[in-house]
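Scroll down for the structure; my scribbles are underneath it.
Order of the sequence lines sets the chain letters (A, B, ...), proteins ahead of strands, with each chain counted from 1. These figures come from a predicted structure and were not determined experimentally.
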Protein chains: 2
Amino acid sequence: MLDQETARERALEAAEELFYSRGIQAVGMDAVRNASGISLKRLYRLFPSKEELVLEFLRQRDSRWQRALASYVDAQSRTEERIAAVFDWLYKWFSEPDYRGCAFINSFGELGAVSPEVAEQARHHKKAFHDYLAGLVRASGRPAELADQLALLAEGAITTAAIFGTPEPAHQAREAARFLMHTHPGPDLPELRR
Amino acid sequence: MLDQETARERALEAAEELFYSRGIQAVGMDAVRNASGISLKRLYRLFPSKEELVLEFLRQRDSRWQRALASYVDAQSRTEERIAAVFDWLYKWFSEPDYRGCAFINSFGELGAVSPEVAEQARHHKKAFHDYLAGLVRASGRPAELADQLALLAEGAITTAAIFGTPEPAHQAREAARFLMHTHPGPDLPELRR
DNA sequence: ATGTCGCGAGAACGATCGTTCTCCGATGGT
DNA sequence: ACCATCGGAGAACGATCGTTCTCGCGACAT
């Protein structure tokens, strides 16, 4: 018999895989049951409703995503390379065979108008990403507007890569980011300082 | 009695309003019937299935969107101003009270994994936008990669404005676009040519 | 061994959805 | 005036979904 914690983990694992790959409304609780091996009764004891399961899926995805990005970026020490690493990580992400865009953008488009909690999760996730970028930009001594612009490039790359099924937008965004960083030179680009 | 053509128009009008504002799966055919005043029987004679109605909604939205953008941009004659006008038009669009992002990104996230035709419509729409930008960039004598980058900025602004509910991303994207245009100077920016 | 409790398997239930059908009134041609 | 045809309103149907309930088995305490 599975203890409560691992049952919860397996349920969320299956939910993440299914919701992300097929969309939320296209996946019934029966599909989560079949994929996870957790009975409906137990699913409903762990999560009082499908909406709660969806929200937990989004919360888990948010923290995993942030952790994966940060641990990749942290391998770089110079701040420009850390910023560039964000786009390299995006390239890696886009190259995964079952990449299907940003789960939060997708959920927002599907349920944002009908579920305020889903909309709030999307805002939270995007704000966290923006704040993370803002921290990197700030550490490089550049103005805050650069973080806004880099965030737009990243978001655009995420949806363009999803719709066209190619990771190339990550490279295009990285190039654009490089140019924008040069127009906002920071103290660690001495060759561009005047 | 409504002739077939105006019945079709009213049905599509109601479908566009409902699908865009609430999402596709959240809108039943009964809601389209109530909003349009077109009976179910007639709806199903005009569109053999909900999927066909959805696809027609997307096709109509695509051509309207392209027309609205182009007619706004065409008010400018200098090519830099035409490119900047793209982002000004986005600002206007984002400021509409019922703005809820790009119908194609939303539909792709909701149904792209389950309906190849919907995914194809999204690709078609995004490719048309990219091609349009590429034409503007080309006319300004700048390299094609700039069009890729501007497209990413625009896409990022579209989703960011939707999720945060503010039109500001259009201005941020416009600023970034200005910088990128300066790093790719064209023949109509003589003061920057060397 | 017996009784009890918790659990999984899956049936069941009520709601909703896409789609079709029935009924009936209106319309137009002769 | 009469008949045939069309269309609207909405009931009906079958499928699916979220959620709950029933049943029966196995574990564990005494």
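- Scanning residues 17-24 of chain A for heavy-atom distances under 4.0 Å to DNA chain D yields an empty list.
- To the nearest angstrom, P of dC17(C) lies 11 Å from CD of Q25(B).
- Rounded to an integer number of Å, the gap from L43(A) CG to dC7(C) P is 14 Å.
- Counting all heavy atoms, side chain and backbone alike, A119(A) lies closest to G112(A) at CB-O, 3.8 Å.
- With sequence neighbours excluded, no residue forms a ring-ring contact (aromatic ring centres under 6.0 Å, His included) with H130(B).
- Between the CG atom of N34(A) and the C1' atom of dG8(C) there is a distance of 13 Å, given to the nearest Å.
- Each of R45(B) and R33(B) was matched to the nucleotide of DNA chain D holding its nearest heavy atom; the match closer to the 5' end belongs to R45(B).
- Distance check, rounded to the nearest 0.5 Å: NE2 of H184(B) to CG of L180(B) gives 6.0 Å.
- Regarding contacts with the backbone of dC7(C), every side-chain N or O of R42(A) stays at 4.0 angstrom or more from both OP1 and OP2.
- Taking all atoms of both residues into account, the shortest heavy-atom contact from E155(B) to I105(B) is OE1-CD1, 3.7 Å.
- Closest non-hydrogen pair, I38(B) versus R33(B), comes out as O-CG, 3.0 Å.
- For R100(A), the CZ atom is densely surrounded, since the number of other residues' heavy atoms within 6.0 Å is greater than 12.
- Contact annotation for V27(B): backbone-only contact, meaning every heavy-atom pair under 4.0 Å involves sugar-phosphate atoms and none involves a base.
- The distance between atom CG of L53(A) and atom P of dC17(D), rounded to the nearest whole Å, is 15 Å.
- Side chains of S107(A) and Q121(A): no donor on one and acceptor on the other come within 3.5 Å.
- For R123(B), the CZ atom counts as densely surrounded, since its 6.0 Å shell holds more than 12 non-hydrogen atoms of other residues, nucleotides or ligands.
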What pairs of nitrogen or oxygen atoms, one from the protein and one from nucleotides 19-23 of chain D, lie under 3.5 Å apart?
residue	atom	partner	partner atom	Å
dT19(D)	OP2	Y44(A)	OH	2.8
dT19(D)	OP2	K50(A)	N	2.8
dT19(D)	O5'	Y44(A)	OH	3.4

